[in-house]
Structure formats: structure tokens, C-alpha cells
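Inspection log for the structure reproduced underneath, given as C-alpha cells.
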Amino acid sequence: MLLIDISLTQPYNKSNLLRNILIGKNKRKDVEQTGDLGAKLTEELQVETTFRLFGMPIYESVVVTWIIMAVIVIACICLTRNLKVENPGKVQLFLESAYRAGYNFFYDILGENGKQYIGYLITVVLYIGFANIMGIFGFKSPTKDLNVTVALALMSIVLIEYSAFHHKGGKKFIKSFAEPIAIVAPINVLELVVRPLSLCMRLFGNVLGAFVIMELLKIICPVILPVPFCVYFDIFDGLIQAYVFVFLTSLFMKEGLE
Amino acid sequence: MIAAIGAGIAVFTGIGAGIGIGLATAKAVEAVARQPEADSKITKNLLLGCALAEATAIYGFVIGLLLIVM
């Protein structure tokens, strides 16, 4: 029995939002503008429900994530067809060198002990990279949703601690909290909270900050001015943040793997 | 109104991040000029340092955001 109750909430309406801000400018300055900006930011921070599946809300970020998954899976299927050991084609050579580059990058950081985690890290960098670029194609990028970045950061901290535990064993793992001297143990425990918090806030703040700046630029001059900024924020900054996220995760892992 | 002033003050964190990233980039340029063959390693470290320095500005932004939204 399927109980798919499709109740589309009102979609994100950009022109209406801009009009509100422009009208707000003509009114009295002090309270009105702050209120409008606050309302706009609240609207951006809210997680929109696209539809309900078995009474469970499916958020927009999840739907965009499905789209990213579909793109990556189809790309994987297309690229890995007809792999040959002898006389490899151009696609296969490109694929192999790209994979090697990613593998070597993480291998240099993690070393021999951490090579079983490289697959996960490459997957995360692919996902975040695609998620940040999604803004160009008109989708709302999933990393602008705080829930997604919190989930990614939690996965990272679990992986960091698991890899340290797996490598050192229980006794040494607990002992490692009292290194280099016992008095820093509270700081080491605090790092368990601070690291994922800083990871998730960095990604979320960058993506949302870029979005807010783009919206403000579109109000000032919607014609040519946003183009270089769009290239910077959507492509360059998005990829840099994906790189930074996995780079920091692997650096933290390396500490536990030594 | 008070929240807006608070949000404005929170954006001052950008000063520190700007100075930090500027110093890091200046030193990285010097290092590349001295040793052009170590370019890739320097760039990697520069990006990491910039990301960490930028984090303070991001915290300011998040706090300003929370002040306006809440």
C-alpha cells in the first residue's frame, strides 16, 4: 500500500524575495530592512520539504542528493564500461590517472596504515564537490542545509576516532587522550566536539556566505557583474571547500594513525 | 536593532582573517620565489592555512547570522 502524499510546499520564490527587499529599501530604513533581511535569511536557513513519503518528510537537500547520486552512478557505469588490460582507451587512461592522483594524494598523508580509508575520502570529496557545483545548474546545493554538513562532520569524526581505535587498540587509544601530558586531557576530549563543529560550520558558512553575497550582488547589478563572482564562489570556492574538508579529515586521521 | 549592531560587530572577525590570509600569502609568495621547485607543497600548506584562518571569519558570519535570524 503506497501512501505517497505529495504536498508541494510553495517553492523558493526568488523574484518575490527580491521585491520584498527592494520595497523594504523604499520604506523606513532602520527596522524594516533588518526585518526583511532577517526574514530572507530565515527563509534560506529553513529546510524545505518537497514531499512526504509514508508520512516522512523528504527535504530538498535529500532530493538534490539523489540527483547527485544518479549523476555519479551513471558516470561510473559509463566510464567503467569496456575496461581492458591491453590497449586501454583514452577514457580508461584518464580514469586511471585521475584515480591514481586522488589515491596518491591521500596515501601521502595517511601512509600505509590508513590506506583502507582512501575510498571513503575520495567518495566524500566527489560528493561535496558535486554538491557545491550544483548551484550553477539551478539546484539548491545540499551543503547549504546545515543538516547535511552536520551529518558529514559526524561521519568524519566517527571515522577519525574509529581509525585511531582500530590502529592503536583500546588501551592505547584511551591513553592517547592523556598525551603529551595528562593535564591536557580535557582539551583532547574537547577536541572531539570542536573538530566536527568547525568542520561543519566551515563548509556551511562558506556555502551560505557565498550565496548571500551573490544575492546581494544580484540586487546591485543583475547583468554582468555576478559572472566573475559566480565563477569564483560556485566553482573555485566550492571545490576548495571540498578539498579542505577531506584534507582536514585526513590530517586528523593521520594523528591517530601514527 | 541591537541585534543588527551585534551582527555588525561580529563581522569584525573578518579583520583577523584578512590579516592572517594576507600574511600567509605574502610568505608563500616569498617561499615560491626562493624555491620555485617546492611550489606544489607550498600551495598545499597555504591552502590549509588559509582555510584555518578563514574559519574565524566564518564563525563571525555564523554568529551574525544567528543574531539576525534568532
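Side chains are part of it too, since the values below use all heavy atoms of this structure and drop only hydrogens, waters and symmetry mates. Keep in mind that what you see is a predicted model, and the values were worked out from it rather than measured.
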Are A:Val244 and B:Glu54 close enough that some pair of their side-chain heavy atoms sits under 4.5 Å apart? no
Please classify the contact between A:Phe105 and chain B as side chain, backbone, both or neither, with a heavy-atom cut-off of under 4.5 Å. side chain
Interface residues of residues 13-32 of chain B facing chain A - non-hydrogen atoms under 4.5 Å apart: none
Between B:Tyr59 and A:Ser198, which heavy-atom pair has the shortest distance, and what is it? OH-CB, 2.8 Å
Quick check on the structure: residues of residues 39-52 of chain B within a heavy-atom distance below 4.5 Å of chain A, by number. B:Lys44, B:Leu47, B:Leu48, B:Ala51, B:Leu52
What do you reckon, is CZ of A:Phe177 surrounded by more than 12 foreign heavy atoms closer than 6.0 Å? yes
